[in-house]
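Notes to accompany the following structure.
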Amino acid sequence: MPRPISLTQYLIEQQRQNGSIPAELRLLIEVVARACKRISISVNKGALGDVMGSADSENVQGEIQKKLDIIANEVLIEANEWGGHLAAMASEEMEGIYVVPNRFPQGEYLLLFDPLDGSSNIDVNVSIGTIFSVLKKSSSDEGVSERDFLQAGSQQAAAGYCIYGPQTMLVLTVGEGVVMFTLDREQGAWMLTQEGIRIPEDTKEFAINMSNMRHWAPPVSRYVNECLAGETGPRAKDFNMRWVASMVADVHRILTRGGVFMYPWDKREPEKAGKLRLMYEANPMSFIVEQAGGAATNGKARILDLQPGKLHERVAVFLGSKNEVERVTGYHREAV
Ligand code: P6P
């Protein structure tokens, strides 16, 4: 385990050593990390707090919002709006962007987040998480609009997630590799517990919702059937399967021991490219996975190269162990 330093010390040392983290970005990361601590307190209350179950509302995606979805969204907005590091925010739970009110100074960063990913797992006590992505306002024009957010994932200044699981952990990249912090609740501090995360290029574990099998496109069926054929099949090895239905938990497992995560396009809603959202789920997770030596595509192209057309755009996702992502992506290209 690396030397037990706090997130604050880590960020200051990174800023001092190689300037990879400008002061404003360091402040942004610290504020988001503090907001995640507050969210973890609400999450951990469970039935002891008025946080379980559904709110009487739907989000822009037409999904029934859980009370904790709304709580987490409000915590992130309130924590970040006054610091002067942001121009605006965007959230899975809000239709439009949230421009920092005039009573506060505006900064040059844009923060996007899924405040509580996997919220269908809240009531059954399975790991959930907060995913965030940081962009810089590209235009020097006054004001900020949704157009400022529509940048390819390769433009991200930082990305991370917090997983509320057996341990509460913060995983972060600023483009200099991936580091992990574990929340020390006695100190109330994020402590560095893993650095230099690398995803094995090969794996024997895949993650996909198998109940959708009859809806998949042929390249996905081919890839999964070859995995299921095991050591007597074309892959000549047995595979294991996992599906937590919480992207944060599945990605965390892949960062920890390898694997491939797939949420492909399917025939249920053919007009949609996929279920997951590009800007605040696929892009941040793809940045993290690539920084850990993995790969991330939509089946045809690198996710971080995709030019978004709208804020809540959806995308198919294949990410994780490099050689597996390249294989399933190759099957898509062969099928064209
Ligand atoms: P399904 C959670 O709702 C989420 O957006 C991701 O975290 C997760 O990977 C996926 O959807 C689960 O989808 O269709 O298996 O419930």
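Values below: every heavy atom of this structure, side chains too, minus hydrogens, waters and symmetry copies. Residues take their numbers from the sequence shown, with the count starting at 1. Remember, it's 1-based here, ligands and their atoms both numbered in the order they're listed.
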query: Are side-chain N/O atoms of Glu195 and Tyr10 paired as donor and acceptor at under 3.5 Å?
result: no
task: Check whether the side chains of Gln65 and Glu93 place a donor and an acceptor atom closer than 3.5 Å, and report yes or no.
output: yes
field: More than 12 heavy atoms from other groups under 6.0 Å of CD on Glu95
entry: no
field: Polar contact flag, side-chain donor to acceptor under 3.5 angstrom, Arg34-Asn80
entry: no
May I have the N/O to N/O pairs between ligand 1 and the protein that fall below 3.5 Å, each with atom names and distance to one decimal?
{"from": "ligand 1", "atom 1": "7 (O)", "to": "Asp117", "atom 2": "OD1", "distance (Å)": "2.9"}
{"from": "ligand 1", "atom 1": "7 (O)", "to": "Asp117", "atom 2": "OD2", "distance (Å)": "2.8"}
{"from": "ligand 1", "atom 1": "7 (O)", "to": "Met247", "atom 2": "N", "distance (Å)": "2.7"}
{"from": "ligand 1", "atom 1": "9 (O)", "to": "Met247", "atom 2": "N", "distance (Å)": "3.4"}
{"from": "ligand 1", "atom 1": "11 (O)", "to": "Lys275", "atom 2": "NZ", "distance (Å)": "3.1"}
{"from": "ligand 1", "atom 1": "13 (O)", "to": "Lys275", "atom 2": "NZ", "distance (Å)": "3.0"}
{"from": "ligand 1", "atom 1": "14 (O)", "to": "Tyr263", "atom 2": "OH", "distance (Å)": "2.7"}
{"from": "ligand 1", "atom 1": "15 (O)", "to": "Asn209", "atom 2": "ND2", "distance (Å)": "2.8"}
{"from": "ligand 1", "atom 1": "15 (O)", "to": "Trp243", "atom 2": "NE1", "distance (Å)": "2.9"}

- request: Identify the heavy atoms of Leu76 and Ala35 that sit nearest to each other, and give their distance.
  value: CD2-CB, 3.8 Å
Exceeds 12 heavy-atom contacts within 6.0 angstrom, atom CZ of Arg268: yes
